[in-house]
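Numbering of ligands and ligand atoms starts at 1, following listing order.
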Amino acid sequence: MNPNERVIVPLDVPDLESAIALLDQFPQVTFWKVGLELFTSTGPTILEILKSRQKQIFLDLKFHDIPNTVAGACRAASRYGVDLLTIHATCGTDALKAAAEAVQIGANQAGVKPPKLIAITLLTSISARQLAFDLKIPLELPEYALEMALLAQESGLDGAVCSPQEVAQLRETCKDDFVLVCPGVRPTWADKMDQKRSLTPKQAILAGADYLVIGRPITAAADPELAWQRISEELSAIS
Ligand SMILES: O=C(O)c1cc(=O)[nH]c(=O)n1[C@@H]1O[C@H](COP(=O)(O)O)[C@@H](O)[C@H]1O
């Protein structure tokens, strides 16, 4: 895979107009993420636009609900023919299994390829301190992220979203074709902002990430094209 194809850029913008402006600004980006803000604003229209431009789509709706409800949501989302879809591992095994099954049913009904269903292990904005003191989880952070990934794998999911700081451990323990997607990636020259567990693009790929989600270091940079180019050069230099 061309290293640039490992970078997923989130369309974290409020409306269709701003999303199209980003697509026009970065024709070289092959994989885009549609998250809660844009999908809530535009609905599936943005997915049609991405498809008309032959882009890969990560529909990041982070479902979190009871088994019957997440199954229904996954069935509906899978009819759009997207490539990746998210659900929180903390829904529990019954909901994850129901979601994995629903993804196949929805895609079959629409005659499209099923998306890879991937589980959020622990949001990259949560620190070890917050895990212990706010969420009252008694496990060490890397152990918790690994447990969530294993729960997803055992429930029949295709992969997980984790911070780059945990990806080496997940890569070592999960099966080889388990897709690992890392947000919270920050080049040395970028501000970390609300991301608490970051590594650089090169470090994240070397640790075993299949895809990197990189947003504001590119889209909010003073010179966004230069930021993309620097990331692209960093990844191309990996031997
Ligand atoms: O599912 C995600 O993509 C996600 C999971 C997570 O744990 N952390 C996380 O930051 N994300 C998403 O990854 C993107 C990161 O954007 P930047 O922080 O701007 O690079 C955002 O769209 C987040 O919604």
Side-chain angles (χ1 to χ4, degrees), residues 6-14 18-19 22 25-26 29 31-42 46 50 56-64 70 73-74 77 82-91 99 115-128 130-131 134-135 137 141-142 144-146 148-149 152 157-167 170 179-201 203-205 209-222 224 227-228 230-232 234-235:
R6 293 189 183 277
V7 180
I8 303 175
V9 180
L11 285 164
D12 286 336
V13 291
S18 326
L22 264 180
Q25 189 177 11
F26 292 103
V29 173
F31 213 146
W32 290 94
K33 181 167 88 85
V34 176
L36 291 169
E37 181 182 11
L38 188 59
F39 195 77
T40 304
S41 164
T42 70
I46 181 62
L50 286 163
Q56 287 190 273
I57 306 172
F58 174 5
L59 184 57
D60 178 28
L61 299 181
K62 293 192 179 67
F63 295 135
H64 194 190
V70 288
C74 285
V82 297
D83 299 281
L84 293 174
L85 182 67
T86 43
I87 181 168
H88 279 279
T90 47
C91 285
K116 290 201 181 299
L117 184 63
I118 59 177
I120 308 292
T121 52
L122 178 69
L123 291 171
T124 56
S125 54
I126 303 284
S127 64
Q130 286 169 327
L131 183 73
D134 297 350
L135 306 187
I137 305 279
L141 194 153
Y144 178 74
L146 180 61
M148 291 301 104
L157 269 68
D158 304 297
V161 179
C162 65
S163 103
Q165 293 191 7
E166 293 103 49
V167 73
L170 267 59
V179 180
L180 295 175
V181 177
C182 288
V185 174
R186 291 289 182 263
T188 50
W189 41 266
D191 198 320
K192 293 210 173 26
M193 300 169 182
D194 49 1
Q195 298 291 358
K196 300 276 169 53
R197 312 194 314 277
S198 64
L199 289 182
T200 67
Q203 288 170 331
I205 290 290
D210 294 300
Y211 294 100
L212 311 178
V213 179
I214 313 180
R216 289 163 294 176
I218 300 169
T219 55
W228 167 268
R230 289 178 78 179
I231 290 169
S232 169
E234 178 175 334
L235 294 176

Mind checking whether Ser125 has a heavy atom under 4.0 Å from ligand 1? no
Note the single closest protein heavy atom to atom 15 (C) of ligand 1, along with its residue, its atom name and the distance in Å. Gln195 NE2, 3.7 Å
Between Thr219 and Leu22, does a side-chain contact (heavy atoms from CB on, under 4.5 Å) hold up when you go through it step by step? CA-CA 8 Å; Thr219 55; Leu22 264 180; 3.9 Å; yes
Would you say Thr86 and ligand 1 have an N/O pair spaced under 3.5 Å apart? no
Proximal ligand 1 atoms for Ile120, defined as those under 4.0 Å from one of its heavy atoms: 1 (O)
Nearest-neighbour protein heavy atom for atom 5 (C) of ligand 1, which is reported as residue plus atom name and distance: Pro183 CG, 3.5 Å
Taking only heavy atoms of Arg216 into account, list the atoms of ligand 1 that are under 4.0 Å away from them. 17 (P), 18 (O), 19 (O), 20 (O)
The atoms of ligand 1 lying under 4.0 Å from a heavy atom of Pro217, numbered in the order shown, are 20 (O)
Identify, by atom number and element, the atoms of ligand 1 in contact range of Val213, meaning under 4.0 Å from any of its heavy atoms. 13 (O), 14 (C)
With a 3.5 Å distance limit and no angle check, can you tell me whether Thr124 reaches the backbone of Gln195 through a side-chain donor-acceptor pair? no
Any chance you could lay out the side-chain contact (heavy atoms from CB on, under 4.5 Å) test for Glu166 and Leu146, step after step, and finish with the verdict? CA-CA 8 Å; Glu166 293 103 49; Leu146 180 61; over 6 Å; no
For Asp194, is at least one N or O under 3.5 Å away from an N or O on ligand 1? no
Nitrogen or oxygen atoms of Val185 and ligand 1 under 3.5 Å apart: no
State the CZ-CG distance between Arg197 and Leu123, to the nearest 0.5 angstrom. 8.0 Å
Look at atom 1 (O) of ligand 1 and say which protein heavy atom is nearest, naming residue and atom and giving the distance to 0.1 Å. Lys62 NZ, 3.0 Å
Describe, in one word, how the ring planes of Phe26 and Trp228 are oriented to each other, choosing from parallel (under 30°), tilted (30 to 60°) and perpendicular (over 60°). tilted
Which residue pairs pass the side-chain hydrogen bond (donor to acceptor under 3.5 Å, both in side chains) test when at least one of the two sits in residues 181-194, sequence neighbours left out? Asp194-Arg216
Closer than 4.0 angstrom: is that true for some heavy atom of Met193 and an atom of ligand 1? no
Please could you name the atoms of ligand 1 that Val161 approaches to less than 4.0 Å, counting only its heavy atoms? 5 (C)
If you measure from each non-hydrogen atom of Leu123 to ligand 1, which part falls under 4.0 Å: side chain, backbone, both or neither? both
Only heavy atoms of Asp12, strictly under 4.0 Å: list the atoms of ligand 1 that pass. 21 (C), 22 (O)
